[in-house]
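Shown next, in structure tokens, is the structure this report addresses.
Just so we're on the same page: letters track the sequence lines, and every chain starts at 1. This is a predicted model, so every value here is computed, not measured.
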2 protein chains.
Amino acid sequence: MCYKDPVNVATPPSGSTPTLEDVARAAGVSRATVSRVINGIRNVDPAIQEVVRQAVAATGYVPNQAARSLVTRRAGVVALVVSGASGEEPGEPSPGQVFTDPFFGRVAAGIIGFLRPQGIHPILMFADDAETRTQVLTYLRQGNADGALLVSTHAEDPLPRLLADAGLPAVLFARPAEPIPISYVDVEHRAGARLAADHLVSRGCRRVATITGPPSLPAAQARLAGFRDAMAVHGHPYIPCAEGNFTYHSGEAAMERLLAGHPDLDGVFAANDVMAQAALFVLRHRGLRVPEDVAVIGFDDSSVAAASRPALTTVRHPVEDMAAEMARLLLAQVDRPELPATSIIFDPALVVRESA
Amino acid sequence: MCYKDPVNVATPPSGSTPTLEDVARAAGVSRATVSRVINGIRNVDPAIQEVVRQAVAATGYVPNQAARSLVTRRAGVVALVVSGASGEEPGEPSPGQVFTDPFFGRVAAGIIGFLRPQGIHPILMFADDAETRTQVLTYLRQGNADGALLVSTHAEDPLPRLLADAGLPAVLFARPAEPIPISYVDVEHRAGARLAADHLVSRGCRRVATITGPPSLPAAQARLAGFRDAMAVHGHPYIPCAEGNFTYHSGEAAMERLLAGHPDLDGVFAANDVMAQAALFVLRHRGLRVPEDVAVIGFDDSSVAAASRPALTTVRHPVEDMAAEMARLLLAQVDRPELPATSIIFDPALVVRESA
DNA sequence: GGCAGGATAGAGAGCGCTCTCCAGTGTCGG
DNA sequence: CCGACACTGGAGAGCGCTCTCTATCCTGCC
């Protein structure tokens, strides 16, 4: 057999983008062989592989993903869905604001860090009402994306159930409020809160209070419960608490309320760093020193924790690792849809800085 | 002609997802007709349209995007690329940190707000070294995305040039450092800085300083130049300045330096809100009252501006509108690649709050 | 030396859709 | 009453790729 010189025959028929056929012609082999080389499959003579590779380079060939997807039934894309509840609540974060939360950035970074090496990229979608939820579902069904990575901002989010019912591959960032056969990753919130409680007690704090997240969120519930239980074990059965919703403003207000009711407190556990930061601000504003007068512990170890003054002691929430794990779980599920829903729970750790 | 009852013949051959063919069979028409109805095209009898629609509903048909893309040569996806320089510089924000910047959230929100109604979604990509830049290029060439929306964090970012050279549709968020035939949107930075200068002067500030962005960024240059020029016009030819890089930390450090060199200053213009917020913190820490002792003006009107204490007076940067315009420009360019590169410049506005 | 059997390459059938022809139908003017 | 013409709907050719099936070649063994 005689293979033609790949370089001289390379130019595709027209000025349009070259196809497999063009490369095959240039290399003097069949389409199938080129396909095999490109997809790195067995049974191709090394010499021919080399000829094909040269032909690919010479023609500037790039495989057409649509054609590939059509036959493989794989989009090579996953949806990263930021999903809220029905959107009726006032004060609910708008889609854009979600990004402002350092938490979301960490999730995105973790997901992308895992997916990028595999040539898979996330499509960004928001779902905050019935219409946009339908859009997500349709999008997945159309095969635009192979599955969904879901970050819900609300416990009542109906999207997880819709996805599960539709049998679409999906992984949640946190345990759903009600049991749904769907995979998720989460952190051991109770254990994290216990770490905070133990640390405050070991520092000698006796009058400790907590700023909670929205009670509708299981994560917030668990942090509160874990903190209370641990404090009870240390002999502090009653813990004053003020409810926030994870925003800076709500944290400020909550700290004000706590201080109004308990001016002598000497320790605060906030359910996330942003609220802890707000607490720091209020305390300093009141002339209270942190950690000398009041010790403050946050939760998440987000970027604001180290940036705070004083730097926040906080419970590390391994968000990036968890996000990468989400992606891993999703891809496994896409490959083998028959796999049962799995949940992976991560351990938190205490990061001691200056505030406690 | 007699159309069969769509409901009874509906079930597709197997349990697999229904295709156009299945719907056509169910409706008793040809594939072409169903396609016409679905794509809302002319020349279909209303009665038949109805029959087809019922058949679609009965079969649960959803068009396969890959097949559609294959023939239309349109992915229905655009890439949202966050692009840095070569990544050698230490202290450079990692991909994930980019999200933490409220600025990026606003861009994403603006883009999504415009694209979502059209059923187009952005794919999130980072490009921070040669390899990932190639990945972006390849991705676009493969037809995975129809074009790129580029947010560069560095002036020397080579990606815009690569995109322009490859003839791929792309729109930048800011004017490229060197002239490149590529579309972009930007804000009139000089005019914005002038607004800040005028306001400080009209408040009676006499000893004004500024915290700049990285000098390699044209936007930072323009803000500084605009501020200096305007202050010169007001009779203040010399303006102390300290360089920051748009982060909170750099803003703190810059404010410290300014105060060290000019303890008596009474006005500060920071090139973005985050650094202005840091300035606020340093000033309060030093016991200086804002705005009584020192007036502070930021730039961007990002979410942190209103959340600061005192709330920041700032120059509004219409990021969301600009981002939407980027998307519009990109889609126009995808539709008609022969269109010349266009640039659209937005006007800033002063938002007066408490800090000045 | 002939033949089984593994390794390798090619042929060709789709994947599901769009879109360009064409054929058929009905309408109107001459 | 007939031909011209707008209007509809169908047939069928791909879009570029993967992958199964088959043909060919080569090696080794009896």
Residues at least two apart in sequence or cross-chain that pass side-chain contact (heavy atoms from CB on, under 4.5 Å) with I123(A), listed by chain then number, are V77(A), M125(A), Y139(A), V77(B), H121(B), I123(B)

Taken to the nearest whole Å, CG/N144(B) to C1'/dC17(D) is 14 Å

With sequence neighbours left out, the residues meeting salt bridge (charged side-chain N to carboxylate O under 4.0 Å, His left out) with E320(A) are R106(A), R316(A)

With heavy-atom distances below 4.5 Å as the criterion, would you say the side chains of L163(A) and L140(A) are in contact? yes

Taken to the nearest whole Å, CD1/I48(A) to P/dT24(D) is 16 Å

Overall bend of the helix from dG1(C)-dC30(D) to dG30(C)-dC1(D) (five pairs an end, 10° steps) is 50°

Atom pairs, N/O to N/O, protein against nucleotides 12-14 of chain C, distance under 3.5 Å?
from, atom 1, to, atom 2, distance (Å)
dA13(C), N6, R31(A), NH2, 3.0

Here the distance between atom P of dG12(D) and atom CG of L20(B), to the nearest Å, is 17 Å

Residue set satisfying side chain to side chain donor-acceptor pair (under 3.5 Å) with R31(B), at least two apart, ordered chain then number -> E21(B)

Would you mind writing out the side-chain donor-acceptor pairs for residues 331-338 of chain A within the sub-3.5 Å range, not counting sequence neighbours?
from, atom 1, to, atom 2, distance (Å)
Q333(A), OE1, A170(A), N, 3.3
Q333(A), NE2, S183(A), OG, 3.1
D335(A), OD1, R74(A), NH1, 3.2

Sorted by chain and residue number, the side chain to side chain donor-acceptor pair (under 3.5 Å) partners of S30(B) (sequence neighbours excluded) come out as T33(B)

When rounded to whole Å, the CZ to C1' distance for the pair R36(A) and dT18(D) reads 10 Å

Atom CZ of R73(A) and atom C1' of dG16(C) are separated, to the nearest Å, by 8 Å

Rounded to whole Å, CD of Q65(A) lies from C1' of dC17(D) at a distance of 10 Å

5'-most contact on DNA chain D (nearest-nucleotide basis), A67(B) vs T33(B), goes to T33(B)

Sorted by chain and number, sequence neighbours left out, side chain to side chain donor-acceptor pair (under 3.5 Å) with D146(B) holds for none

Picking from dC17(D), dC19(D), dC17(C), the nucleotide nearest the side-chain atoms of R68(A) would be dC17(D)

Determine yes or no for a side-chain-to-main-chain donor-acceptor pair under 3.5 angstrom, with R116(A) supplying the side chain and T132(B) the backbone.
no

note: N64(A), atom CG; dC17(C), atom P; distance rounded to Å ~ 17 Å

Task: Any N39(B) side-chain nitrogen or oxygen under 4.0 Å from OP1 or OP2 of dT18(C) - done: yes

Looking only at dG10(D), dC19(D), dA9(C), the nucleotide nearest the D45(A) side chain is dA9(C)

OP1 or OP2 of dG16(C) versus the side-chain N and O atoms of T19(B): is any pair under 4.0 Å? no

- Query: With respect to the phosphate group of dT18(C), does any side-chain polar atom (N or O) of S35(B) fall under 4.0 Å of OP1 or OP2?
  - Reply: yes

Applying ring pair (Phe, Tyr, Trp, His ring centres under 6.0 Å) to Y61(B) and not counting sequence neighbours gives none

Taken to the nearest whole Å, OH/Y61(A) to P/dG16(D) is 10 Å

